[in-house]
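Presented below is the structure to which this report refers.
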Amino acid sequence: MAFNRNIDLFCRVVDNFGDIGVCWRLSRQLVNDYALKVTLWVDDLTSFHKICAGIDPLLEWQQMQGVTIRHWREISPPKQPESVADVVIEAFGCQLPASYIAAMAACEPRPVWINLEYLSAEPWVEGCHEMQSLYPSLPLVKYFFFPGFSDKTGGLLMERDVSVRRTAFQNDPQAVAGFLENIGVRPLAGACMVSLFCYPSAPVETFFDAWQADTLPVLCLVPQGVATDAVSAFLRMPATVGAAATRGGLTVQVVPFLDQPDYDKLLWSCELNFVRGEDSLVRAQWAGRPFIWQIYPQQEDAHRIKLDALLDRHTAGMPNDLAPLVSATWQAWNGSALQAPQWPRLRSLLPQWTSHMAGWTRELQRNGDLASNLVQFIKKIG
(Lines give C-alpha, C1' and ligand atoms only; values in the text may rest on other atoms or scores of the structure.)
Protein backbone atom coordinates (compact mmCIF):
# COMPACT_ATOMS: atom_id res chain seq x y z
CA MET A 1 0.00 0.00 0.00
CA ALA A 2 1.39 3.36 -1.01
CA PHE A 3 1.60 5.60 2.01
CA ASN A 4 0.40 8.96 0.75
CA ARG A 5 -1.99 9.94 3.52
CA ASN A 6 -2.26 13.31 5.19
CA ILE A 7 -1.72 13.67 8.94
CA ASP A 8 -3.09 15.93 11.65
CA LEU A 9 -0.81 16.00 14.69
CA PHE A 10 -2.18 17.70 17.82
CA CYS A 11 0.12 19.06 20.53
CA ARG A 12 -0.52 20.88 23.81
CA VAL A 13 2.57 22.52 25.28
CA VAL A 14 2.91 21.36 28.89
CA ASP A 15 6.50 21.96 30.02
CA ASN A 16 7.41 24.70 27.51
CA PHE A 17 9.66 22.78 25.12
CA GLY A 18 9.53 18.99 25.49
CA ASP A 19 6.11 18.32 23.99
CA ILE A 20 6.46 20.71 21.07
CA GLY A 21 10.09 19.65 20.60
CA VAL A 22 9.08 16.04 20.02
CA CYS A 23 6.10 16.93 17.82
CA TRP A 24 8.11 19.35 15.69
CA ARG A 25 10.89 16.83 15.08
CA LEU A 26 8.37 14.10 14.25
CA SER A 27 6.45 16.36 11.87
CA ARG A 28 9.60 17.34 9.99
CA GLN A 29 10.75 13.76 9.69
CA LEU A 30 7.40 12.57 8.35
CA VAL A 31 7.61 15.31 5.71
CA ASN A 32 11.29 14.93 4.87
CA ASP A 33 11.60 11.13 4.93
CA TYR A 34 8.12 10.12 3.71
CA ALA A 35 6.90 13.17 1.73
CA LEU A 36 3.71 13.19 3.80
CA LYS A 37 1.39 16.15 4.24
CA VAL A 38 1.48 17.06 7.92
CA THR A 39 -0.54 19.68 9.77
CA LEU A 40 0.76 20.39 13.25
CA TRP A 41 -1.86 21.87 15.58
CA VAL A 42 -0.19 23.68 18.51
CA ASP A 43 -1.85 25.58 21.35
CA ASP A 44 1.24 27.63 22.34
CA LEU A 45 3.08 29.21 19.43
CA THR A 46 5.21 31.39 21.72
CA SER A 47 7.03 28.37 23.15
CA PHE A 48 7.24 26.94 19.62
CA HIS A 49 8.96 30.15 18.49
CA LYS A 50 11.71 29.60 21.09
CA ILE A 51 12.89 26.40 19.38
CA CYS A 52 12.11 27.53 15.84
CA ALA A 53 12.70 31.24 15.33
CA GLY A 54 10.81 31.28 12.02
CA ILE A 55 7.48 30.62 13.73
CA ASP A 56 5.29 33.71 14.05
CA PRO A 57 3.28 33.40 17.29
CA LEU A 58 0.61 35.76 15.94
CA LEU A 59 -0.36 33.75 12.85
CA GLU A 60 -3.26 31.31 12.80
CA TRP A 61 -1.82 29.47 9.77
CA GLN A 62 1.72 29.25 8.45
CA GLN A 63 4.10 26.84 6.76
CA MET A 64 7.57 25.98 8.00
CA GLN A 65 9.98 23.45 6.49
CA GLY A 66 7.16 21.73 4.62
CA VAL A 67 4.89 21.42 7.67
CA THR A 68 1.60 23.32 7.93
CA ILE A 69 1.36 24.96 11.35
CA ARG A 70 -2.05 25.78 12.81
CA HIS A 71 -2.74 27.63 16.04
CA TRP A 72 -4.89 25.19 17.97
CA ARG A 73 -7.81 26.93 19.56
CA GLU A 74 -10.71 24.85 20.80
CA ILE A 75 -12.96 26.13 18.01
CA SER A 76 -10.40 25.99 15.22
CA PRO A 77 -9.96 22.29 14.26
CA PRO A 78 -12.26 21.20 11.41
CA LYS A 79 -15.70 19.87 12.29
CA GLN A 80 -16.70 18.42 8.91
CA PRO A 81 -15.73 14.83 7.98
CA GLU A 82 -14.20 15.92 4.67
CA SER A 83 -11.76 18.15 6.58
CA VAL A 84 -10.46 15.40 8.90
CA ALA A 85 -7.03 13.97 8.13
CA ASP A 86 -6.47 10.33 7.13
CA VAL A 87 -4.26 9.86 10.21
CA VAL A 88 -4.82 11.68 13.48
CA ILE A 89 -2.00 11.69 16.03
CA GLU A 90 -2.94 12.81 19.53
CA ALA A 91 0.38 13.59 21.20
CA PHE A 92 0.70 12.67 24.87
CA GLY A 93 -3.01 12.28 25.54
CA CYS A 94 -3.71 15.94 24.73
CA GLN A 95 -7.48 15.35 24.36
CA LEU A 96 -8.89 16.22 20.97
CA PRO A 97 -11.86 18.60 20.74
CA ALA A 98 -15.21 16.81 20.94
CA SER A 99 -16.27 18.34 17.62
CA TYR A 100 -13.21 16.90 15.87
CA ILE A 101 -13.82 13.45 17.37
CA ALA A 102 -17.43 13.57 16.16
CA ALA A 103 -16.23 14.49 12.68
CA MET A 104 -13.79 11.54 12.80
CA ALA A 105 -16.65 9.19 13.62
CA ALA A 106 -18.62 10.47 10.61
CA CYS A 107 -15.78 9.72 8.17
CA GLU A 108 -15.87 6.74 5.84
CA PRO A 109 -13.39 5.15 6.03
CA ARG A 110 -12.58 6.36 9.52
CA PRO A 111 -9.15 7.84 10.16
CA VAL A 112 -6.36 6.00 11.90
CA TRP A 113 -6.27 7.45 15.42
CA ILE A 114 -3.04 7.15 17.38
CA ASN A 115 -2.18 8.34 20.84
CA LEU A 116 1.56 9.00 20.83
CA GLU A 117 2.60 8.33 24.41
CA TYR A 118 5.37 9.72 26.58
CA LEU A 119 8.76 8.04 26.48
CA SER A 120 9.54 5.52 29.21
CA ALA A 121 11.95 2.66 29.83
CA GLU A 122 9.54 0.92 32.23
CA PRO A 123 8.96 -2.77 31.36
CA TRP A 124 5.16 -2.46 31.23
CA VAL A 125 5.44 -0.20 28.16
CA GLU A 126 6.36 -3.17 25.98
CA GLY A 127 3.07 -4.90 26.82
CA CYS A 128 0.96 -1.81 26.11
CA HIS A 129 2.67 -0.73 22.90
CA GLU A 130 0.27 -0.85 19.91
CA MET A 131 -2.72 -1.75 22.10
CA GLN A 132 -6.11 -0.51 20.99
CA SER A 133 -8.98 1.12 22.87
CA LEU A 134 -12.59 1.36 21.69
CA TYR A 135 -14.16 4.78 22.08
CA PRO A 136 -17.04 4.39 24.55
CA SER A 137 -19.79 6.14 22.58
CA LEU A 138 -18.62 6.35 18.97
CA PRO A 139 -17.42 3.80 16.37
CA LEU A 140 -13.76 4.75 16.75
CA VAL A 141 -10.62 2.89 17.74
CA LYS A 142 -7.58 4.56 19.26
CA TYR A 143 -4.15 2.89 19.23
CA PHE A 144 -1.42 3.58 21.78
CA PHE A 145 2.08 3.98 20.40
CA PHE A 146 4.94 4.09 22.89
CA PRO A 147 8.44 5.38 22.19
CA GLY A 148 11.00 3.34 24.06
CA PHE A 149 14.40 1.82 24.48
CA SER A 150 13.78 -1.73 23.23
CA ASP A 151 12.70 -3.47 20.04
CA LYS A 152 9.29 -4.14 21.61
CA THR A 153 8.48 -0.41 21.52
CA GLY A 154 8.33 2.31 18.88
CA GLY A 155 11.98 3.30 19.39
CA LEU A 156 13.29 6.85 19.53
CA LEU A 157 13.03 9.81 17.16
CA MET A 158 16.09 9.74 14.93
CA GLU A 159 16.67 11.22 11.49
CA ARG A 160 18.26 8.86 9.01
CA ASP A 161 21.47 10.89 8.74
CA VAL A 162 21.90 12.07 12.34
CA SER A 163 24.87 9.79 13.10
CA VAL A 164 26.65 10.79 9.90
CA ARG A 165 26.15 14.50 10.60
CA ARG A 166 27.25 14.18 14.22
CA THR A 167 30.38 12.20 13.38
CA ALA A 168 31.36 14.63 10.63
CA PHE A 169 30.88 17.57 13.01
CA GLN A 170 32.77 16.04 15.92
CA ASN A 171 35.66 15.06 13.64
CA ASP A 172 35.97 18.57 12.23
CA PRO A 173 37.68 20.86 14.78
CA GLN A 174 37.01 23.89 12.59
CA ALA A 175 33.29 23.14 12.48
CA VAL A 176 33.17 22.80 16.27
CA ALA A 177 35.20 25.96 16.80
CA GLY A 178 33.06 27.87 14.30
CA PHE A 179 29.84 26.83 15.99
CA LEU A 180 31.12 27.78 19.45
CA GLU A 181 32.36 31.11 18.13
CA ASN A 182 28.92 31.80 16.62
CA ILE A 183 27.30 31.44 20.04
CA GLY A 184 30.03 33.49 21.72
CA VAL A 185 31.99 30.68 23.38
CA ARG A 186 35.76 30.43 23.54
CA PRO A 187 36.77 27.01 24.94
CA LEU A 188 39.12 27.01 27.92
CA ALA A 189 42.31 24.99 27.65
CA GLY A 190 42.00 21.75 29.59
CA ALA A 191 38.43 22.48 30.67
CA CYS A 192 35.64 19.90 30.72
CA MET A 193 32.88 21.53 28.68
CA VAL A 194 29.39 20.87 30.07
CA SER A 195 25.96 21.91 28.79
CA LEU A 196 23.22 22.56 31.35
CA PHE A 197 19.51 22.32 30.50
CA CYS A 198 17.31 21.68 33.53
CA TYR A 199 14.08 22.44 35.38
CA PRO A 200 14.06 25.08 38.15
CA SER A 201 14.07 22.34 40.82
CA ALA A 202 17.54 21.06 39.85
CA PRO A 203 20.21 21.40 42.59
CA VAL A 204 22.36 23.63 40.41
CA GLU A 205 24.11 25.39 43.31
CA THR A 206 25.29 22.05 44.76
CA PHE A 207 26.84 21.03 41.46
CA PHE A 208 28.38 24.48 40.99
CA ASP A 209 30.03 24.09 44.41
CA ALA A 210 31.45 20.71 43.40
CA TRP A 211 32.83 22.10 40.14
CA GLN A 212 34.34 25.15 41.85
CA ALA A 213 36.24 22.87 44.19
CA ASP A 214 37.74 20.84 41.34
CA THR A 215 41.44 21.33 40.64
CA LEU A 216 40.72 20.95 36.91
CA PRO A 217 38.60 23.58 35.10
CA VAL A 218 34.97 23.15 34.10
CA LEU A 219 33.24 25.35 31.50
CA CYS A 220 29.47 25.21 31.99
CA LEU A 221 27.32 26.55 29.12
CA VAL A 222 23.76 27.48 30.10
CA PRO A 223 21.08 28.59 27.59
CA GLN A 224 19.45 31.87 28.53
CA GLY A 225 16.36 31.36 30.67
CA VAL A 226 17.57 28.11 32.23
CA ALA A 227 18.35 27.98 35.98
CA THR A 228 18.19 31.77 35.99
CA ASP A 229 18.33 32.27 39.77
CA ALA A 230 21.29 29.95 40.36
CA VAL A 231 23.21 31.25 37.35
CA SER A 232 22.61 34.90 38.25
CA ALA A 233 23.73 34.23 41.83
CA PHE A 234 26.94 32.63 40.58
CA LEU A 235 27.61 35.37 38.03
CA ARG A 236 26.62 38.15 40.46
CA MET A 237 24.90 39.79 37.52
CA PRO A 238 21.80 39.13 35.39
CA ALA A 239 21.98 35.89 33.41
CA THR A 240 21.89 37.49 29.97
CA VAL A 241 23.51 36.13 26.82
CA GLY A 242 27.28 36.47 26.98
CA ALA A 243 27.46 36.94 30.75
CA ALA A 244 30.26 34.85 32.26
CA ALA A 245 32.22 34.51 35.48
CA THR A 246 34.90 32.25 36.92
CA ARG A 247 35.08 31.10 40.54
CA GLY A 248 37.56 28.47 41.55
CA GLY A 249 37.67 25.78 38.89
CA LEU A 250 34.30 26.72 37.40
CA THR A 251 33.45 29.11 34.58
CA VAL A 252 29.75 29.63 33.84
CA GLN A 253 28.66 31.30 30.61
CA VAL A 254 25.17 32.12 29.37
CA VAL A 255 24.61 31.26 25.70
CA PRO A 256 21.59 32.01 23.49
CA PHE A 257 18.56 29.73 23.72
CA LEU A 258 19.19 27.64 20.63
CA ASP A 259 16.91 26.21 17.98
CA GLN A 260 16.90 22.44 17.60
CA PRO A 261 19.69 22.07 14.99
CA ASP A 262 22.06 24.28 16.99
CA TYR A 263 21.12 22.63 20.27
CA ASP A 264 22.17 19.33 18.73
CA LYS A 265 25.54 20.88 17.92
CA LEU A 266 25.89 22.09 21.50
CA LEU A 267 25.33 18.54 22.74
CA TRP A 268 27.82 17.23 20.18
CA SER A 269 30.42 19.77 21.33
CA CYS A 270 30.34 19.04 25.06
CA GLU A 271 31.93 16.23 27.08
CA LEU A 272 28.96 15.99 29.44
CA ASN A 273 25.35 17.07 28.91
CA PHE A 274 22.68 17.76 31.49
CA VAL A 275 19.28 17.31 29.82
CA ARG A 276 15.66 17.35 30.91
CA GLY A 277 12.28 15.98 29.92
CA GLU A 278 11.96 13.99 26.71
CA ASP A 279 13.21 15.85 23.64
CA SER A 280 16.66 16.79 24.95
CA LEU A 281 16.97 13.34 26.54
CA VAL A 282 16.58 11.68 23.14
CA ARG A 283 19.03 14.11 21.51
CA ALA A 284 21.57 13.28 24.21
CA GLN A 285 21.53 9.67 23.01
CA TRP A 286 22.48 10.64 19.48
CA ALA A 287 25.20 12.99 20.74
CA GLY A 288 27.05 9.90 21.93
CA ARG A 289 28.34 11.74 25.00
CA PRO A 290 27.73 11.09 28.72
CA PHE A 291 24.50 12.67 29.91
CA ILE A 292 22.66 13.29 33.16
CA TRP A 293 18.87 13.40 32.96
CA GLN A 294 16.44 15.40 35.04
CA ILE A 295 13.01 13.87 34.75
CA TYR A 296 9.89 16.03 34.92
CA PRO A 297 8.97 16.07 38.63
CA GLN A 298 5.64 14.52 39.60
CA GLN A 299 3.63 14.45 42.81
CA GLU A 300 4.54 11.86 45.45
CA ASP A 301 7.81 11.16 43.59
CA ALA A 302 5.96 9.07 41.00
CA HIS A 303 8.63 10.05 38.45
CA ARG A 304 11.35 8.15 40.31
CA ILE A 305 10.09 4.79 39.02
CA LYS A 306 10.56 6.07 35.49
CA LEU A 307 13.98 7.48 36.36
CA ASP A 308 15.14 4.19 37.89
CA ALA A 309 13.89 2.22 34.88
CA LEU A 310 16.08 4.18 32.46
CA LEU A 311 19.02 4.14 34.87
CA ASP A 312 18.85 0.36 35.16
CA ARG A 313 18.78 -0.03 31.40
CA HIS A 314 21.47 2.57 30.68
CA THR A 315 23.97 1.38 33.30
CA ALA A 316 23.66 -2.31 32.38
CA GLY A 317 27.05 -3.41 31.08
CA MET A 318 28.91 -0.40 32.47
CA PRO A 319 32.21 -1.04 34.28
CA ASN A 320 31.65 -1.87 37.95
CA ASP A 321 33.29 1.34 39.16
CA LEU A 322 31.28 3.54 36.76
CA ALA A 323 27.70 2.27 37.09
CA PRO A 324 27.12 3.12 40.77
CA LEU A 325 28.71 6.53 40.31
CA VAL A 326 26.48 7.35 37.34
CA SER A 327 23.43 6.18 39.29
CA ALA A 328 24.36 8.25 42.35
CA THR A 329 24.89 11.37 40.22
CA TRP A 330 21.57 10.96 38.39
CA GLN A 331 19.81 10.52 41.71
CA ALA A 332 21.57 13.57 43.14
CA TRP A 333 20.52 15.67 40.17
CA ASN A 334 16.93 14.58 40.80
CA GLY A 335 16.84 15.52 44.44
CA SER A 336 19.34 13.54 46.54
CA ALA A 337 22.34 15.17 48.19
CA LEU A 338 25.54 15.37 46.18
CA GLN A 339 28.88 15.12 47.91
CA ALA A 340 31.58 17.13 46.18
CA PRO A 341 34.17 14.29 46.02
CA GLN A 342 31.92 12.42 43.56
CA TRP A 343 32.63 14.92 40.76
CA PRO A 344 36.40 14.45 40.40
CA ARG A 345 35.89 10.70 40.31
CA LEU A 346 33.10 10.95 37.75
CA ARG A 347 35.18 13.29 35.62
CA SER A 348 38.04 10.80 35.60
CA LEU A 349 35.65 8.13 34.32
CA LEU A 350 34.10 10.20 31.52
CA PRO A 351 36.24 8.43 28.87
CA GLN A 352 34.83 5.07 30.02
CA TRP A 353 31.32 6.47 29.96
CA THR A 354 31.88 7.87 26.47
CA SER A 355 33.00 4.44 25.32
CA HIS A 356 29.88 2.91 26.85
CA MET A 357 27.76 5.47 24.99
CA ALA A 358 29.02 4.19 21.63
CA GLY A 359 27.63 0.71 22.31
CA TRP A 360 24.47 2.08 23.91
CA THR A 361 23.74 4.22 20.86
CA ARG A 362 24.26 1.33 18.46
CA GLU A 363 21.85 -0.78 20.52
CA LEU A 364 19.17 1.91 20.36
CA GLN A 365 19.61 2.33 16.61
CA ARG A 366 18.93 -1.37 16.08
CA ASN A 367 15.40 -0.79 17.40
CA GLY A 368 14.61 1.41 14.41
CA ASP A 369 13.51 5.02 14.63
CA LEU A 370 10.15 6.22 15.91
CA ALA A 371 8.93 7.82 12.67
CA SER A 372 9.71 4.74 10.56
CA ASN A 373 8.16 2.38 13.10
CA LEU A 374 5.10 4.62 13.29
CA VAL A 375 4.64 4.67 9.52
CA GLN A 376 4.97 0.88 9.32
CA PHE A 377 2.35 0.50 12.05
CA ILE A 378 -0.08 2.83 10.30
CA LYS A 379 0.34 0.86 7.09
CA LYS A 380 -0.37 -2.35 8.98
CA ILE A 381 -3.59 -1.22 10.63
CA GLY A 382 -4.81 1.24 7.98
Side-chain angles (χ1 to χ4, degrees), residues 3 5 7 9 11 18-36 38 40 87 89-93 112-132 142-167 260 264 267-268 273 275 277-289 291 293 295-296 306-307 309-317 356-382:
F3 192 71
R5 299 183 171 191
I7 296 175
L9 198 165
C11 173
D19 304 272
I20 183 56
V22 171
C23 292
W24 179 226
R25 288 189 193 275
L26 176 59
S27 297
R28 296 202 314 271
Q29 191 173 354
L30 290 172
V31 169
N32 294 335
D33 290 355
Y34 294 96
L36 299 177
V38 178
L40 176 57
V87 178
I89 301 176
E90 181 182 2
F92 316 124
V112 173
W113 184 6
I114 292 178
N115 188 359
L116 178 65
E117 289 286 347
Y118 284 108
L119 173 64
S120 178
E122 295 171 89
W124 64 265
V125 165
E126 297 179 350
C128 294
H129 178 56
E130 298 185 356
M131 286 188 65
Q132 66 181 42
K142 177 161 60 175
Y143 294 87
F144 295 90
F145 202 85
F146 284 83
F149 297 87
S150 79
D151 59 1
K152 296 180 177 63
T153 69
L156 302 178
L157 271 175
M158 176 185 66
E159 309 91 279
R160 292 174 177 173
D161 64 344
V162 65
S163 294
V164 173
R165 289 188 290 108
R166 181 205 70 208
T167 300
Q260 287 184 325
D264 284 346
L267 296 177
W268 299 347
N273 295 303
V275 293
E278 181 168 331
D279 184 54
S280 60
L281 168 64
V282 172
R283 304 316 291 185
Q285 317 307 308
W286 310 136
R289 297 286 169 83
F291 67 98
W293 179 42
I295 190 171
Y296 188 77
K306 193 173 179 179
L307 179 76
L310 181 53
L311 254 179
D312 289 345
R313 189 178 292 272
H314 180 60
T315 57
H356 173 80
M357 283 297 300
W360 166 257
T361 301
R362 286 194 297 270
E363 178 182 339
L364 294 177
Q365 290 173 329
R366 283 195 289 269
N367 300 329
D369 70 273
L370 180 69
S372 297
N373 290 335
L374 180 61
V375 167
Q376 292 304 316
F377 178 67
I378 294 170
K379 288 180 178 180
K380 181 174 70 175
I381 64 174

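The first residue in the sequence is number 1, and the count goes up from there. None of these values were measured; they are calculated from a predicted model.
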Straight-line distance of I114 CD1 to I381 CD1, nearest 0.5 Å: 5.0 Å

Those residues that, when tested against F92, pass ring-ring contact (aromatic ring centres under 6.0 Å, His included) (two or more places apart): Y118

For the residue pair G148 and L156, what are the closest heavy atoms and their distance? O-CD2, 3.5 Å

Strictly distance-based, threshold 3.5 Å: is any side-chain N or O of N373 a donor or acceptor partner for the main-chain N or O of N367? yes

Can you sort out the partners of R165 under side-chain contact (heavy atoms from CB on, under 4.5 Å), two or more places apart, ordered by chain and number? E159, D161, V162, W268

Could you tell me which non-hydrogen atom of L36 sits nearest to which non-hydrogen atom of V31, and how far apart they are? O-CG2, 3.4 Å

Taken to the nearest 0.5 Å, the spacing of Y143 OH from E117 CD works out to 15.5 Å

Classify the angle between the aromatic ring planes of F291 and H314 as parallel (below 30°), tilted (30 to 60°) or perpendicular (above 60°). tilted

Sorted by chain and number, sequence neighbours left out, side-chain contact (heavy atoms from CB on, under 4.5 Å) with E126 holds for S150, K152, T153, R313

Go through the structure and list residues passing side-chain contact (heavy atoms from CB on, under 4.5 Å) with E130, not counting sequence neighbours. F145, F377, K380

Whether the side chain of W113 engages the backbone of I89 through a donor-acceptor N/O pair (distance < 3.5 Å, no angle test) should be reported. no

Rounded to the nearest 0.5 angstrom, the CD1-CG distance for I295 and L311 is 10.0 Å

Determine the minimum heavy-atom distance between V275 and L281, stating which atoms define it. CG2-CA, 3.9 Å

For S372 and Y34, work out which heavy atoms get closest and say how close. OG-OH, 2.7 Å

Looking at OG of S280 and CG of L267, how far apart are the two atoms once the value is rounded to the nearest 0.5 Å? 7.5 Å

Mind checking whether W286 and L364 have side chains closer than 4.5 Å, heavy atoms only? yes

Taking the side chain as every heavy atom from C-beta outward, state whether R283 and N273 have any atom pair closer than 4.5 Å. no

Mind listing the closest non-hydrogen atom pair of N115 and G93 along with its distance? OD1-N, 3.0 Å

For residues C128 and F146, determine if any side-chain heavy atom of one lies less than 4.5 Å from a side-chain heavy atom of the other. yes

Results of salt bridge (charged side-chain N to carboxylate O under 4.0 Å, His left out) for R166 - residues two or more places apart only: none

Separation of D279 CG from Q260 CD (nearest 0.5 Å): 5.0 Å

Taking C-beta and beyond as the side chain, do L40 and C23 meet within less than 4.5 Å on heavy atoms? yes

Do M357 and R289 have side chains that approach each other closer than 4.5 Å (heavy atoms only, starting at C-beta)? no

Validation row: V282, L370 side chains within 4.5 angstrom (heavy atoms): no

Kindly compute the distance separating CG (D369) from CG (L157), expressed to the nearest 0.5 Å. 7.5 Å

Are L9 and L116 packed together at the side-chain level, in the sense that at least one heavy-atom pair is separated by less than 4.5 angstrom? no

Do T361 and Q365 come close enough that some side-chain heavy atom pair is under 4.5 Å? yes

Applying salt bridge (charged side-chain N to carboxylate O under 4.0 Å, His left out), can you list everything that pairs with D33, at least two apart in sequence or on another chain? R160

Do side-chain atoms of E278 reach the backbone of L119 as a donor and acceptor pair under 3.5 angstrom? yes

